[in-house]
Amino acid sequence: MKKLAIYPGTFDPPTNGHLDIIKRALKIFPSLLVAVADRGAGEMFSSVQRVAMLKKALAGVKRVQIETFSGLLTDYAQKKDALVVVRGLRVISDFEYEFQMALMNRRLKNGFEVMFLPPSEEYSFLSSSLVKEIASYGGDVSQFVPPGVNRLLKDKLERVKNG
Ligand code: ADP
């Protein structure tokens, strides 16, 4: 029987909101594959860096695997023989996009199922893009991201500033 759940995303960078969803999913599913989208460009961190950040933040957490994927999520999920895809659902604004994606993916691949998990309220306003924006203006994001991510963000922005 299929057992694997996939949690796909950009994770640029991973936040405590992502970790909250991962931990919730692990309460439901026997194993979780965190799939980091590799689109080649457009992200602050490379897919290799994003995988490394997740691995560090999830060190010691059992039943979770992390890898990159490219191409259509439906193809990837089929290749992995996944039971379900997990997505985090924050506020109403996520709903429209997530619903559209879920129905389109199901149209592309019959049998494709998505499960939405709401995070803890304290993360319901948190997004990677907001974290990057605050950090780029010198704001402290340490309460929103794992410590390793905070350090890498600072390093990255410092390097950008110094050319
Ligand atoms: P994507 O570009 O695929 O939306 P993200 O890394 O932004 O990638 O998000 C991956 C998944 O995690 C999405 O389902 C998104 O809704 C969810 N997510 C992101 N931030 C949070 C958060 N703070 N709380 C709950 N879910 C979140």
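This one's a predicted model, so the numbers in the text were calculated from it and none came from an experiment. Order of appearance sets the numbers: ligands from 1, and atoms from 1 within every ligand.
- Closest to atom 7 (O) of ligand 1, if we only count protein heavy atoms, is H18 NE2, 4.2 Å.
- In terms of polar-atom proximity, F11 is counted as a contact of ligand 1, with an N or O under 3.5 Å from an N or O of the ligand.
- Both the backbone and the side chain of R87 come within contact range of ligand 1, each with a heavy atom under 4.0 Å.
- The closest approach between a heavy atom of Y7 and any atom of ligand 1 is below 4.0 Å.
- Looking at R24 and V86, their side chains never come closer than 4.5 Å, going by heavy atoms from C-beta outward.
- Annotation: L89 places no N or O atom under 3.5 Å from an N or O atom of ligand 1; distance criterion only.
- Contact of the P146 side chain with the N16 side chain is registered, since non-hydrogen atoms from C-beta on lie closer than 4.5 Å.
- Counting only heavy atoms of the protein, atom 24 (N) of ligand 1 lies nearest to P119 CG, 3.2 Å.
- Distances below 4.0 Å separate heavy atoms of I21 from the following atoms of ligand 1: 25 (C), 26 (N).
- The shortest distance between side-chain heavy atoms of R159 and D155 falls below 4.5 Å.
- Below 3.5 Å of separation, one finds an N or O of L126 facing an N or O of ligand 1.
- Contact annotation: the side chain of H18 approaches that of Y7 to within less than 4.5 Å [non-hydrogen atoms, C-beta and beyond].
- Here the side chains of V145 and T15 are in contact, with some heavy-atom distance below 4.5 Å.
- Scanning all protein heavy atoms for the shortest distance to atom 20 (N) of ligand 1 gives R90 NH1, 3.2 Å.
- Ligand 1 has no N or O atom lying under 3.5 Å from any N or O atom of S127, backbone or side chain.
- Applying the salt bridge (charged side-chain N to carboxylate O under 4.0 Å, His left out) rule to pairs touching residues 89-117 yields D75-K109, R87-E98, R90-D94, R106-E113, sequence neighbours excluded.
- Looking only at distances, no side-chain donor or acceptor of K132 sits under 3.5 Å from a matching main-chain atom of M44.
- By the 3.5 Å distance cut-off applied to N or O atoms, T15 is not counted among the residues near ligand 1.
- Protein heavy atom at the shortest distance from atom 2 (O) of ligand 1 is T10 OG1, 2.6 Å.
- The nearest heavy-atom contact from the protein to atom 16 (O) of ligand 1 is G88 O, 2.7 Å.
- Using a 4.0 Å cutoff on heavy atoms, A37 does not count as a contact of ligand 1.
- Between D12 and ligand 1, no pair of N/O atoms sits closer than 3.5 Å.
- Two residues are said to be in side-chain contact when any heavy atoms from C-beta on lie closer than 4.5 Å; F112 and V85 meet this criterion.
- The shortest distance between side-chain heavy atoms of L33 and Q65 falls below 4.5 Å.
- Looking at Y97 next to ligand 1, no N or O pair under 3.5 Å apart turns up.
- Judged by distance alone, the side chains of T68 and R50 never bring a donor and an acceptor atom under 3.5 Å apart.
- In summary, the atoms of ligand 1 found under 4.0 Å from a heavy atom of G9, numbered by their order in the structure, are 3 (O), 8 (O), 10 (C).
- In this structure a side-chain-to-backbone donor-acceptor pair under 3.5 Å is missing from S120 to Y123.
- At a 4.0 Å heavy-atom cut-off, ligand 1 touches P8 through the backbone alone.
- Taking the side chain as every heavy atom from C-beta outward, L152 and P13 never approach each other to under 4.5 Å.
- When each atom of ligand 1 is checked for a heavy atom of D94 under 4.0 Å away, the hits are 16 (O).
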